Amino acid sequence: MTLLGSTVDDCGVLVETEATRQDSTPSRMVRVRSALGTVVVPWRGDPAGVGREHHVEWTVDEDMTWAGNTMPAAIASSAVGEEGDWIVLRGRLSLTADKAAFLEVGGSQILFDLADPLPPDGADGTWVEVRVRRDSIGLWPYQL
């Protein structure tokens with residue numbers, strides 16, 4: 001697995017989408033290329049938008065569990081990458097008082113619910129990697 005790091009402006013991540021060969025999956029899968037890396041994930045936007053550049057919002061329907069799917073990052077920079085059927089998101093962790101977390105990945109914030117085991121004291125503000133199943137991610141385009 002290779003994770004590419006970069007900084008982007010705080011207006012979100014600008015990505016280029018490219019159609020992939022479709023199999024029997026119910027979601028349209030797209031190859032997403034950005035300064036942060038390249039991954040294949042489900043596209044939640046209009047199918048006619050594939051093949052263009054978009055600012056996007058990432059959603060993840062999977063809880064963050066410390067030492068389960070989340071661990072300290074060896075490199076302090078944002079990145080996205082693939083490891084088999086897993087998507088790896090690297091970013092800065094922000095914890096909330098109501099058992100939620102935000103992962104800032106290159107100017108975009110991805111919301112996670114927290115599940116046991118919770119991050120340890122002192123984890124807020126640190127760089128982490130989160131591994132999630134590809135089918136738990138949604139990529140939504142938006143207009144600035």
Side-chain angles (χ1 to χ4, degrees), residues 1-20 25-144:
M1 174 197 63
T2 302
L3 290 177
L4 303 175
S6 178
T7 54
V8 293
D9 63 36
D10 60 1
C11 294
V13 176
L14 182 63
V15 301
E16 179 182 321
T17 59
E18 170 186 312
T20 62
T25 60
S27 301
R28 171 171 287 285
M29 302 296 280
V30 295
R31 179 169 288 102
V32 179
R33 298 178 195 278
S34 76
L36 301 177
T38 300
V39 293
V40 175
V41 294
W43 176 251
R44 305 293 188 217
D46 182 348
V50 175
R52 296 191 229 155
E53 286 189 339
H54 298 276
H55 287 277
V56 294
E57 177 181 344
W58 299 80
T59 59
V60 179
D61 296 325
E62 197 167 321
D63 293 344
M64 184 181 283
T65 59
W66 195 261
N69 66 354
T70 305
M71 63 192 66
I75 299 171
S77 67
S78 294
V80 297
E82 296 180 326
E83 191 172 274
D85 288 333
W86 298 89
I87 301 298
V88 182
L89 305 166
R90 185 171 64 216
R92 189 181 298 266
L93 181 64
S94 294
L95 300 173
T96 69
D98 58 349
K99 288 187 81 173
F102 288 96
L103 185 66
E104 183 189 335
V105 180
S108 289
Q109 291 192 350
I110 304 170
L111 175 65
F112 284 88
D113 288 326
L114 294 174
D116 290 327
L118 299 175
D121 290 340
D124 189 43
T126 64
W127 289 90
V128 299
E129 286 186 3
V130 182
R131 284 172 171 68
V132 294
R133 293 181 324 273
R134 184 183 317 275
D135 63 358
S136 73
I137 289 185
L139 193 65
W140 300 84
Y142 67 88
Q143 299 270 323
L144 290 179

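In this text the structure is predicted, and so the values were computed from the model without any measurement.
- The nearest pair of heavy atoms linking Leu118 to Trp66 is O-CB, 3.5 Å.
- Shown here for Gly106 and Leu36, the closest heavy-atom pair between the two residues is CA-CD1, 4.0 Å.
- With sequence neighbours excluded, the residues that form a side-chain hydrogen bond (donor to acceptor under 3.5 Å, both in side chains) with Trp140 are Thr59.
- Evaluation of the side-chain hydrogen bond (donor to acceptor under 3.5 Å, both in side chains) rule for Arg92 yields no partner, not counting sequence neighbours.
- In this structure, a donor-acceptor pair under 3.5 Å is absent between the side chains of Ser78 and Arg90.
- The nearest pair of heavy atoms linking Ser94 to Asp124 is CA-OD1, 3.2 Å.
- Scored by the side-chain hydrogen bond (donor to acceptor under 3.5 Å, both in side chains) test, Asp98 finds Thr96 as partners (sequence neighbours excluded).
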Before you tell me yes or no, could you show the steps for Met29 and Arg134 under side-chain contact (heavy atoms from CB on, under 4.5 Å), namely the whole-Å CA-CA distance, both residues' side-chain angles and the distance that decides it to 0.1 Å? CA-CA 10 Å; Met29 302 296 280; Arg134 184 183 317 275; 3.2 Å; yes
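- When atom types are taken as modelled, the side chain of Glu82 and the backbone of Val40 share a donor-acceptor pair closer than 3.5 angstrom.
- Partners of Glu62 according to the salt bridge (charged side-chain N to carboxylate O under 4.0 Å, His left out) rule, which considers only residues two or more places apart in sequence or in another chain, are Arg133.
- Looking at every heavy atom in both residues, Val15 comes nearest to Ser34 through CG1-CB, 3.7 Å.
- Counting non-hydrogen atoms of neighbouring residues, nucleotides and ligands closer than 6.0 angstrom, the CG atom of Asp46 exceeds 12 such neighbours.
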Let's go through Thr65 and Asp116 carefully: what are the C-alpha distance in whole Å and the side-chain angles of both, what is the deciding distance for side-chain contact (heavy atoms from CB on, under 4.5 Å) to 0.1 Å, and is it a yes or a no?
CA-CA 6 Å; Thr65 59; Asp116 290 327; over 6 Å; no
Check the pair Phe112 / Val132 against side-chain contact (heavy atoms from CB on, under 4.5 Å), numbers first and verdict last. CA-CA 11 Å; Phe112 284 88; Val132 294; 4.2 Å; yes
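- Within the model, atoms CH2 of Trp86 and OG of Ser136 stand 8.0 Å from one another, a figure rounded to the nearest 0.5 Å.
- Between the side chain of Arg44 and the backbone N or O of Pro141, no donor-acceptor pair lies under 3.5 Å.
- For Glu18, the salt bridge (charged side-chain N to carboxylate O under 4.0 Å, His left out) test picks out Arg31, Arg33, with sequence neighbours left out.
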Going through the checks in order, is the side-chain contact (heavy atoms from CB on, under 4.5 Å) test met by Ile110 and Val105?
CA-CA 7 Å; Ile110 304 170; Val105 180; 4.0 Å; yes
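- The two residues Met64 and Val130 make their nearest non-hydrogen contact at CE-CG2, 3.7 Å.
- Across Leu93 and Ala123, no two heavy atoms sit closer than the pair CD2-O, 3.8 Å.
- Residues forming a side-chain hydrogen bond (donor to acceptor under 3.5 Å, both in side chains) with Asp63 (at least two apart in sequence, or on another chain): none.
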